[in-house]
Amino acid sequence: MPHSLPAQDVTTPGGLLLVLAVLVPFAGVLAGIVFGGRGAQRVALATLAAGLAIAIAIADALARSGDAVVYVLGGWTPPLGVALRADGLAVVMLLAVAAVIGGIGVYARADFGTPPGVREARAPLVFWTLLLAVWGSLNLVFVSGDLFTLYVALELLTFAAVSLVSLDGRAETRRSALRYLLYALLGSVLYLLGAVLLYGAYGTLDIPLLAMRVHPEPAAWAAAALMTAGLLAKTALFPLHLWLPPAHAGAPAAASAVLSGLVIKGSWFLVVRLWLDVFAGVTTLPSAQTLAALGAAAILVGNVVALRQARLKLLIAYSTVAQIGYLFLMFPLAAGLAAAQLDSAAAVNGGMLQAISHATAKAAMFMAAGLVYTTLGHDRVTDLRGVAQALPMTVVAFALGGASLIGLPPSGGFLAKWLLISAAITTAQWWWALVMLVGGLLTSAYVFIVVVRAMAPAPAGWTPQAPVPRYQEVAVLALALGSFLLGVAALCPVDVAQIGRAVAPGIGLR
Amino acid sequence: MNTPTLFGLCAAALVGVGLYGMIVNPQPLRKILAFNLIGSGVFLLFGAIARRGAAVGMGGDPVPQALLITGIVVAFSATALAVALVRRLFDEAGSATLAAEAPAKAKADPPTP
């Protein structure tokens, strides 16, 4: 049962920050369009800095009060009004997204600078405004307390992401973008249908109110199934992953980093919200097992297909398909822990850490692939000779990001998999632990192949196709290091992700 | 059978037809139309729910109606974006099919950095 009863739904200190977290990026979008050209880039970079400060201030407000940060829009309390809420889960994601998008912004200055002598170019203007649009929509996904606002946020996220896919305007990427859009539209309309059914049955779309009113019956089951299926199509969980590799591999490197690292986490986060907060008493252990079985299939299929890719960017995109699988293993584990009367926080924290370490590592790896492409003029995995000579920092960053995906200590991926595997063993679901270990082994194979090929000496007389600015390499390395050192989060004295949450999330799972 | 139930059944039929069309039809434009059919079904259902949930003496529950209008706007912009993409694809590739599978083409095309 969520702690925030309707009577307590009042704006808390720092509540206005939640509004700013959503408004500032969208104000940046409008200002970017008004100023255009180089102005759009300046506005975007200034907004990135301001947004990071806002995210830190929200985290501070959360830590001070030890409870969720709430803002009631217009003073109208739910069910009539709409509330914005940031509990521990939301704040952790807000911080991670602000940090990753900051790194991507620094990197993208080189690729999306307006060329000298031109007042305005299409790709830079679109990229900088859409970067802010993606960010604002993600923030709205994290802080919304209402299922319909979440629907609008998801749609905004989709529109921005689809346009990022087709940024370079080739027919091939337009086709990937269209395929992505059709999957996403089907997903969102199914989600909306579920939300409508919930309103029809319980008369509210506010998450805490709904969690109190919802109980196991056909309407709730149908809504849960429709919403989950729709969100899986948007998250690209196997077998609905077909749109992802061409879309993510075809976009420019900085856009790929946004799409693969951040955008898919938006709809995944919503699945977490629904399963842990809204449908905690409706979902059953077998349904959670089904979700995790799809995740396990994603891990195996994604990794094996990644091993067979000839191009670096497609390899990284298939690796994303596999890593999405890990994100869904937390559901039966949290349910199992709750059923055994144990604290399910371990499994939930494992899932959140996996999301954040994948966001940082995958953004770093896609941007590293972009630098490799700039240097070599191609990204064929079989011919990466000389990369380590020209870009030592980037190869180190790729290896560190890969280590986080594999789960080597002390990376964030290690801590995430450690938490999930120990939860699997505690709840006697050893098969998920087995899948995670095999997945780690397969991941290490392709990361190793890439790093070894990149370390090979260049042929005599070879020179890089184009120089790479040093700050791009530093941005990539910083994100990879962040992912690699995320494991020290284990030393954090406060369980940040669980602040302001129910006593034991998923306690009602049977 | 009362009126809200009739509308609810119509909505279910629309969603079913749209879902079938969206999965089975290979052409993008037909998929977009099928998406709009599903959307109409959802909106019709929402309208029926608004009518059924009305308090005594009121024509309907106002909250679903407000959400409905927002939903229509969102679905409209989604359709506009999708149709614009289809048109661009047609202009550039000469046809607007999703069938030319990406992996085969992707090897021939140089990737972008």
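Chain naming here is simple, since letters A, B, ... match the order of the sequence lines and numbering starts at 1 in each.
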Inset, instruction - Would you check, one step at a time, whether the test side chain to side chain contact (heavy atoms under 4.5 Å, CB included) holds for Tyr191(A) with Val42(B)? - result: CA-CA 10 Å; Tyr191(A) 173 88; Val42(B) 173; over 6 Å; no

Inset, instruction - Report yes if some heavy atom in the side chain of Tyr151(A) is under 4.5 Å from a heavy atom in the side chain of Leu67(B); otherwise report no. - result: no

Inset, instruction - State, with a plain yes or no, whether a side-chain heavy atom of Tyr180(A) is found less than 4.5 Å away from one of Leu85(B). - result: no

Where on [X] is there a heavy atom nearer than 4.5 Å to chain B: the side chain, the backbone, both, or neither?
X         : answer
Phe159(A) : both
Leu371(A) : neither
Val152(A) : side chain

Inset, instruction - Determine, stepwise, if the pair Val189(A) / Val15(B) fulfils side chain to side chain contact (heavy atoms under 4.5 Å, CB included). - result: CA-CA 10 Å; Val189(A) 82; Val15(B) 170; over 6 Å; no

Nearest-0.5 Å distance that lies between atom [atom1] in [X] and atom [atom2] in [Y]:
X         : Y         : atom1 : atom2 : result
Lys31(B)  : Leu178(A) : NZ    : CG    : 9.5 Å
Glu155(A) : Thr70(B)  : CD    : OG1   : 12.5 Å
Leu186(A) : Met22(B)  : CG    : CE    : 4.5 Å

Legend entry - Ala93(B) versus Arg175(A), closest heavy-atom pair with distance: CB-NH2, 3.7 Å

Legend entry - Closest non-hydrogen atom pair, Ala171(A) against Leu89(B): O-CD1, 3.4 Å

Does atom [atom1] of [X] have more than 12 heavy-atom neighbours from other groups under 6.0 Å away?
X         : atom1 : value
Phe90(B)  : CZ    : no
Arg308(A) : CZ    : no
Arg88(B)  : CZ    : no

Chain A contact via [X] - side chain, backbone, both or neither, heavy atoms under 4.5 Å:
X        : answer
Leu19(B) : side chain
Val73(B) : neither
Thr79(B) : neither

Legend entry - Residue among Leu185(A), Leu193(A), Leu190(A) with most heavy-atom pairs under 4.5 Å to chain B: Leu185(A)

Inset, instruction - Output, in order, the C-alpha distance, side-chain angles, deciding distance and verdict of side chain to side chain contact (heavy atoms under 4.5 Å, CB included) for Val63(B) and Tyr199(A). - result: CA-CA 10 Å; Val63(B) 174; Tyr199(A) 188 89; 3.4 Å; yes

